[in-house]
Amino acid sequence: MPEIVLTVARYGFLVLLWIFVFTVVGVIRRDLFAGARSSRLVAAPRGIGPTVAGKPAKVKRGRAARQLVVTGGALAGTRITLGESPITIGRAEDCTLVTTDDYASARHARLVPRDGQWYLEDMGSTNGTYLDRAKVSAPTPVPLGVPIRIGRTSFELRS
């Protein structure tokens, strides 16, 4: 084989190797800084509040949950006012409560109001959703003050 062909092949391989290295570094950088960006997006979206479309939240029982409070984890102290809309919890930016917990899925769990009671549903997460110490496998009613745990983050419903 001529010497020029071997030289071009060596330099071509070297260029491909550097392209691969820069691509890997870019992907790692994006993954590391994506968590920093999503941690600032912790707020209740439009439509979640004590009233929805001018109507007060319907309550059939004595004390109703009015807030979702993060009690442990990176977002401790965060409060979301509950209305009639479901609350989604996960790492995706379109969730109501965006958590940066490494053990949370993109759309991990959902709190849904039904007949004046809030129900917790796991949305097919990898690591599971826990109500107190029990793993949630079906829609489960959530009493006030009972901890909901997703990875290292814990939440409570409060009145």
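The first residue of the sequence shown is numbered 1, and numbering continues consecutively from there. Because only heavy atoms are used, hydrogens play no part in the values below, and waters and symmetry mates are left out as well, while side chains stay in.
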Interatomic spacing from [atom1] in [X] to [atom2] in [Y] - rounded to 0.5 Å:
X	Y	atom1	atom2	result
Leu120	Ile87	CG	CD1	12.0 Å
Gln67	Leu82	CD	CG	7.5 Å
Leu17	Phe22	CG	CZ	10.5 Å
Thr78	Phe155	OG1	CZ	9.0 Å
Arg91	Ile150	CZ	CD1	12.5 Å

Polar side-chain atom of [X] near backbone of [Y] as donor-acceptor pair, under 3.5 Å:
X	Y	result
Thr140	Ala138	yes
Thr96	Thr88	yes
Asp101	Arg152	yes

Output a table of donor-acceptor pairs, distance under 3.5 Å, between side-chain atoms of residues 107-114 and any protein atom two or more places apart or on a different chain; print 'none' if there are none.
| unit_1 | atom_1 | unit_2 | atom_2 | d |
| --- | --- | --- | --- | --- |
| Arg107 | NH2 | Asp94 | OD1 | 3.0 |
| Arg107 | NH2 | Asp94 | OD2 | 3.0 |
| His108 | ND1 | Ser105 | N | 3.0 |
| His108 | NE2 | Ser125 | OG | 3.3 |
| His108 | NE2 | Gly128 | O | 2.9 |
| His108 | NE2 | Thr129 | OG1 | 3.2 |
| Arg110 | NE | Glu121 | OE1 | 3.1 |
| Arg110 | NH2 | Glu121 | OE1 | 2.8 |
| Arg114 | NH2 | Glu121 | OE2 | 2.7 |

Exercise for review: Quick one: do Thr153 and Val70 satisfy side chain to side chain contact (heavy atoms under 4.5 Å, CB included)? Show the steps, please.
Suggested key: CA-CA 7 Å; Thr153 307; Val70 181; 4.0 Å; yes

Sorted by chain and number, sequence neighbours left out, side-chain contact (heavy atoms from CB on, under 4.5 Å) with Leu14 holds for Trp18

Report the C-alpha distance between Val24 and Phe20 in whole Å, list the side-chain angles of each, state the deciding distance to 0.1 Å, and finish with yes or no for side chain to side chain contact (heavy atoms under 4.5 Å, CB included).
CA-CA 6 Å; Val24 168; Phe20 175 74; 3.7 Å; yes

Joint hydrophobic cluster, Leu144 plus Tyr130, side-chain heavy atoms closer than 4.5 Å
no

Just checking Tyr103: does its OH atom have more than 12 heavy atoms from other residues, nucleotides or ligands closer to it than 6.0 angstrom?
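Result for OH/Tyr103: open.
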
Does a sphere of radius 6.0 Å around CD1 in Ile4 hold more than 12 heavy atoms from other residues, nucleotides or ligands, not counting ones at 6.0 Å or beyond?
->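 No, because the 6.0 Å sphere around CD1 of Ile4 holds 12 heavy atoms or fewer from other groups.
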
key: Those residues that, when tested against Glu156, pass side chain to side chain donor-acceptor pair (under 3.5 Å) (two or more places apart)   =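 Result, side chain to side chain donor-acceptor pair (under 3.5 Å) vs Glu156: Arg158.
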
